[in-house]
Undergrad: 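Mind having a look at this structure? Questions to follow.
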Amino acid sequence: MRASMMKTRIKELREKHGYTQEDLAKMVGVTRQTILFLEKGTYNPSLRLAHRIARVFGMNVEEAFSFEDEGD
Amino acid sequence: MGKNIMRFLGFLGLLGLLGLVTGNTGFYGFFGFFGFLSIFWGKGTDERVDRNIGRACRNSFVFAMAASAAFISLMATLEVDLFPVAFTALFAGGVAVFVGSFVYYNTRGD
């Protein structure tokens with residue numbers, strides 16, 4: 001059973017703030033590939049990482065991420 | 001972002017030099033481990049990479065347990081010495097399962 005995937009606004013928020021994927025990756029302490037997977041919605045971040053990303057954009061985790069239940 | 005401890009596996013490549021000393025060309029396969037040294041110049045690891053390494057290690061462990069049980073059963077049943085074949089299969093198979101699993105999880109995502 002695959003995990004329920006998160007929907008994110010990371011790409012939209014990143015472009016709005018003028019950051020590249022590499023910039024954002026350095027700010028939150030992950031690789032650029034992880035940011036890429038987050039934007040594609042194929043990686044669920046830990047709560048700590050989600051919080052770090054939300055803090056970069058000055059918002060709550062719930063505003064930057066939401067869960068999308070895919071069912072069984 | 002932490003440094004990936006697996007970079008130290010690259011030093012196992014030095015075992016390939018035993019091929020020069022003993023004349024056994026089978027040792028040259030160890031030079032492949034030098035590829036892990038590239039991690040020293042990499043960008044480091046993060047939670048996603050660590051998670052995928054963990055998954056790949058799990059699969060490799062399961063393979064090692066299953067293959068070990070199979071070889072032990074074969075050797076006990078057939079009363080043949082399969083230790084060299086078993087060791088090679090476990091080593092090469094374990095590495096292959098790890099690498100294949102890591103590439104798969106890294107590509108697939110969650």
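The figures that follow rest on heavy atoms only: side chains count, while hydrogens, waters and symmetry mates do not. Since the model is a prediction, treat every value here as computed from it, not as a measurement. Chain letters run A, B, ... following the sequence lines, proteins first and then strands; every chain starts at 1.
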Undergrad: Is the number of heavy atoms from other residues, nucleotides or ligands within 6.0 Å of CZ (B/F61) greater than 12?
TA: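 No, the 6.0 Å shell around CZ holds no more than 12 heavy atoms from other groups.
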Undergrad: A side-chain contact here means heavy atoms from C-beta on lying under 4.5 Å apart; do B/R48 and A/V30 qualify?
TA: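 The answer is no, as the side chains (C-beta and beyond) never meet within the 4.5 Å cut-off.
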Undergrad: Answer yes or no: are there more than 12 heavy-atom neighbours, outside B/E79 itself, under 6.0 Å from its atom CD?
TA: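 Counting other residues, nucleotides and ligands, CD of B/E79 stays at 12 neighbours or fewer.
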Undergrad: Return yes when atom CZ of B/F87 has more than 12 non-hydrogen atoms of other residues, nucleotides or ligands closer than 6.0 Å, and no otherwise.
TA: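 Not more than 12 within 6.0 Å, no.
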Undergrad: Among the clusters formed by ILVMFWY side chains lying less than 4.5 Å apart, do B/L9 and B/V49 turn up in the same one?
TA: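 Shared cluster, yes.
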Undergrad: Are more than 12 heavy atoms, taken from residues, nucleotides or ligands other than A/R48, located less than 6.0 Å from that residue's CZ atom?
TA: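 Counting neighbours around CZ of A/R48, 12 or fewer heavy atoms of other residues, nucleotides or ligands fall under 6.0 Å, so no.
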Undergrad: Is any residue of residues 55-62 of chain A within less than 4.5 Å of chain B by heavy atoms, and which ones?
TA: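 Near chain B, by residue number: none.
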Undergrad: Compile the donor-acceptor pairs under 3.5 Å between side chains in residues 62-74 of chain B and protein atoms, sequence neighbours left out, one pair per line.
TA:
| from | atom 1 | to | atom 2 | distance (Å) |
| --- | --- | --- | --- | --- |
| B/S68 | OG | B/A64 | O | 2.6 |
| B/S73 | OG | B/A69 | O | 2.7 |

Undergrad: With rounding to the nearest 0.5 angstrom, report the OH to CG distance, A/Y43 to B/N106.
TA: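 Rounded to the nearest 0.5 Å, the OH-CG separation comes to 11.0 Å.
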Undergrad: Closest heavy-atom contact between B/E47 and A/L49?
TA: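 Nearest pair, atom of B/E47 first, then A/L49: OE2-CD2, 3.4 Å.
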Undergrad: Would you say that more than 12 heavy atoms from the other residues, nucleotides or ligands in this model lie under 6.0 Å from the CD1 of B/I5, or not?
TA: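 Count not over threshold, so no.
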